[in-house]
4 protein chains.
Amino acid sequence: MIFASDNWAGASQEVMDALAGAARTGGPAYGTDRLTALVEERFREIFEREVAVFLVASGTVANALALSAYARPGGFILAHRDAHILVDEAGAAEFFSGGNRVIGLEAVAGKIAPETLFQALQDSPEREVHHGQPVAVSLTQITEFGAAYRPEEIAALASVARTRGLAVHMDGARFAGAVAALGLPPADLTWRAGVDVLSFGGTKNGCLAAEAVVFFDPGHARDFAFARQRAGQGYSKNWFLAAQFSAYLEHDRWLGLARHANAMARRLADAIAASGTARLALRPDANEVFAVLQAATDERLRAAGAIYHPWAAKSLPAAMRPNAGEKLVRLVTSFQTNEAEVDRFAALLG
Amino acid sequence: MIFASDNWAGASQEVMDALAGAARTGGPAYGTDRLTALVEERFREIFEREVAVFLVASGTVANALALSAYARPGGFILAHRDAHILVDEAGAAEFFSGGNRVIGLEAVAGKIAPETLFQALQDSPEREVHHGQPVAVSLTQITEFGAAYRPEEIAALASVARTRGLAVHMDGARFAGAVAALGLPPADLTWRAGVDVLSFGGTKNGCLAAEAVVFFDPGHARDFAFARQRAGQGYSKNWFLAAQFSAYLEHDRWLGLARHANAMARRLADAIAASGTARLALRPDANEVFAVLQAATDERLRAAGAIYHPWAAKSLPAAMRPNAGEKLVRLVTSFQTNEAEVDRFAALLG
Amino acid sequence: MIFASDNWAGASQEVMDALAGAARTGGPAYGTDRLTALVEERFREIFEREVAVFLVASGTVANALALSAYARPGGFILAHRDAHILVDEAGAAEFFSGGNRVIGLEAVAGKIAPETLFQALQDSPEREVHHGQPVAVSLTQITEFGAAYRPEEIAALASVARTRGLAVHMDGARFAGAVAALGLPPADLTWRAGVDVLSFGGTKNGCLAAEAVVFFDPGHARDFAFARQRAGQGYSKNWFLAAQFSAYLEHDRWLGLARHANAMARRLADAIAASGTARLALRPDANEVFAVLQAATDERLRAAGAIYHPWAAKSLPAAMRPNAGEKLVRLVTSFQTNEAEVDRFAALLG
Amino acid sequence: MIFASDNWAGASQEVMDALAGAARTGGPAYGTDRLTALVEERFREIFEREVAVFLVASGTVANALALSAYARPGGFILAHRDAHILVDEAGAAEFFSGGNRVIGLEAVAGKIAPETLFQALQDSPEREVHHGQPVAVSLTQITEFGAAYRPEEIAALASVARTRGLAVHMDGARFAGAVAALGLPPADLTWRAGVDVLSFGGTKNGCLAAEAVVFFDPGHARDFAFARQRAGQGYSKNWFLAAQFSAYLEHDRWLGLARHANAMARRLADAIAASGTARLALRPDANEVFAVLQAATDERLRAAGAIYHPWAAKSLPAAMRPNAGEKLVRLVTSFQTNEAEVDRFAALLG
């Protein structure tokens, strides 16, 4: 009953097999190998267009390097107030961007409203040299509260962003979950809706440590190979990343793994909704379930070995927040979650 | 006949087995897992003392973060003129240190002489605010020209460094090769000789992508966990690094792998020395062989499928440089190199 | 009737005379001149103790460099949400600190409450590597809303800061106004209350462009001369800064100039309080008056040539905010403001 | 007999008068004043074209910010091995550029030969991600050894730079001296010869502290106002810089002052050449005289109160270096140097 995070999962068998295969021989260093080329080609197919792809080993560095490609003096980046880049990356975005600032915006269920972005830009007059200049907006897909942005929601944000020349970055650490949930082409959720650059996650959905920065805007990718090398993410055995992605992307395995995680989250959510001792704070779109547990239920679950994190309710609508004697918790499923552990959890809810 | 670099090798079977084992279950995120604790303990045994160890995935970031722990305003770092941090890391040391400069020193076979370091410090008067201040010296073990620093050589450099308060960093991407070659305790080659912080390499000697920053100077490790996270090297599945190291360090496997690579280099060097169409530019201490080939020999070897890199002769003593019609090349062996390919190469020398 | 800002004023006659005197001969470069030594001595007298003083030419750089002396990986700085370092310095604090973040705190009249600081620190668990670590709190004296922190208020904040090892920085762009207003020794408002480093302003109170960074904590001043030089603020003709300060500090001129500006602000505030067409939003402690004007009054004043800025009311208590048909404005007096222009303004209020 | 540096001089009377005039009233803050606009217009006349001009207070920051406008990940800047940006600015270029490296080139009399630049670029293969990428070449006019680049020399370097897309920066701390020496239009020495951005010096030739960054390449000036503000060089009383420049540029005063300094240097050089106890190391083009003094002469001059700096001979042709019993020294004249002190010096030579 491990629902602490999808990064507590191991790696999928196919990913490990691909890695073991590549490790038997090794190959040319620094991304000149066959697997890297194959993976790059695969990204073009997935996104139905030319893209500039760069593999890295962590989501933090994927986000920070992607955003740094748009950094400018006095620049700032707008993101959800609970965005990973703002609260979980030890200031990586600021560091790699030479001190550009990340500014948090309020949102419901993690989805920034176009009006909120518009207002934030209104509050930052153009060419006001003291205040700085907005350079990018970063959206998290799926959001910090488990919701999936729909194409038209992304497009609305992107069109506001365009009025001031902002880049649109998508933190897709859980992008697979959103594609699986919405059943839409990846292109519809990214460049067709106005996304310029995507952090495409692998680690949380079956890889060991593998993320891709995908530029739909090749102009800003020009210096990225240098930026990646300088960040210490230009691996000599780059095939260790490419091998993971080759198995992860083959036969739409990334979507299969995500569909499983999503299904487990739905099963969990249904059990919670049906129980008398817990309720859903939000309806999950993908693999993150936010629930309000009675204190006794929380204790019973933990005593039985369930692992999950308490959560701060700051960004939730008042109606969904825990009352006295209740706790807000986050439960995350993964490709490794199985029905038995969900059902055991459900049984414990009573 | 792949002698291009030891980073063209795959990964050792035991490392891959450990990784596969860990990947089956996964575990607690961000280094709170059992394997990480076990590896930290193992480093303490290897170095016979308390150390602060931080696992990262690339040698570039190990060096850059280690050095950045000693960065100061106006600071500069002294290193061999062909040091990896100076010519192969796209400016990572400068970037992570907030612009501290790396200054190249001349050396014979890559070994900086204490007199050279002393003179460089003399040329930088103390508290001379325009010129900046030296903050560290970085030694490469084994050196850029395949030589192993002996303890007394390191100690001599460290004692010069101490006169001006410089930290002593060791780029140990091939540290295993030096320990294997000299047959001395790792402690003798590091903290007992005055080294403050070591980049301990795994990638070039049997790991996929795994390096450790080992501080013998705990004061400067204080903020390193934050610096590593900010660099995007604080991995959620940190066990993917720990698993590699657990197998790599177990039963002195790291030394066994290095001894094999060194033996293959000796076999190769002996063949070259005995041939009539090539000669050694330097006697190798570990797994890098610098040789001067007659042009026809070079062509014959390449035609037969041997892979290796030409090398610039700038830092070599005049007597060892190639003459007209000759080429200086670097041949690197690895844990995967086998006798058959060395012997095939030897046979082609004629 | 210029009340736009105290940085619209010229420079005091005595400052210009000292500058002209120094400019006739020039002198040794880079702060080795007689005037620089004299000014350093004067700062020791003013603060009744040993201090490390560094002259710079702008307040932005004084703040950013002072804070950067306390920067650490993953670090963040707590300040009032309208602090100059947060909204008016184009990200200088982030830039000079290598990406440390400035986080805004709510406050009444710009004075951060100890409870607010305490809560912010509670929200940042110790050694929580993802979230980063607090490194400093920055207080503005006088505050962004014209209030003067009293020694016991500073001491209360400093004691909260100490519990987590934070440095206490004071942005004293208008420090003279606070000393003049409170009639207390500068030492009581700084180191005796727990301030570690002060940006001591000259520009807004009679100098051309001259600020001083005053360290009461010499350990953190160790590298400051290098940091200042690297920032391009180590002037060859450093006497151009020292000459300004020599006149500014002589015979407590800095306090005389501030007393005048404060008196003009009181005169202005009294006129506003007595008028029927405007009211004070806050009682001014020094030279900044925040007033709520009826729209017609605002128009009449501007038509008559009065210059001042509208102000955002976000941080004001609800009771003090403008109603429909009213405007919140900021009126700043300076050493150059004279009674006649205040009285002309008062007459226009009606 | 002060020949230590032209930055030991005071400021010209006209500059101080203009400053005093502006200081009497002050004016709108942050460069929205009348004087700033007037100075910008004057720069357009001087360079016979549209330019983007930004005033700053120090040469170090002028250079570092100008170069940072061309910085890129993994970037490096080529400059003379004794360039001010490399040896006298405490790493400012590296700091403001986010860690781009400055690499020193050999030269005769400080003039980089086109072949030297060409060879350095050859040594840096294109898109070689480990090594980094060249982004700019920085020329010093007049050079570190007192020589003036002629337009055709600049054009030859610029055409080599263009082959790899490098920007051409000119460190013109003593640009006035070069224009005065060559008697050519400033445009011929800058944009017509291929210069993209110029640090136009005022401080060493009659100003207190005033430099201008002049972009002939407006595309790269886009974010400069933000970069300057963030650097703490966006002065509230920007008129303190503009007032200096207004007098400095009026009636070609800057050239008049430089002509005087140059004439004093020629007088000094002639005396040295005619003496039996000293000789010229190089024929001066402007206001820096490099001379070789007999040790006894050196002592006699210093005993009589002459102030000047010894100089390192590393970059000088062998024939010009001091022999045993001789000393290489640098003698700098300024707008304040008078014939009497030169003649007194000459008399002491014997």
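Within every chain, numbering begins at 1; the chains are lettered A, B, ... in the order of the sequence lines, protein sequences first and strands thereafter.
- Looking only at heavy-atom pairs under 4.5 Å with chain B, the residue among D:Ser97, D:Ala90, D:Ala312 that has the most is D:Ala90.
- Remark: the backbone N or O of D:Leu86 is paired with a side-chain donor or acceptor of B:Arg101 at under 3.5 angstrom.
- The candidate from D:Gly98, D:Ala92, D:Gly132 with the greatest count of non-hydrogen atom pairs under 4.5 Å with chain B is D:Gly98.
- Partner B:His130 forms a side-chain contact (heavy atoms from CB on, under 4.5 Å) with one of D:Thr60, D:Val87, D:Asp88 and no other, that one being D:Asp88.
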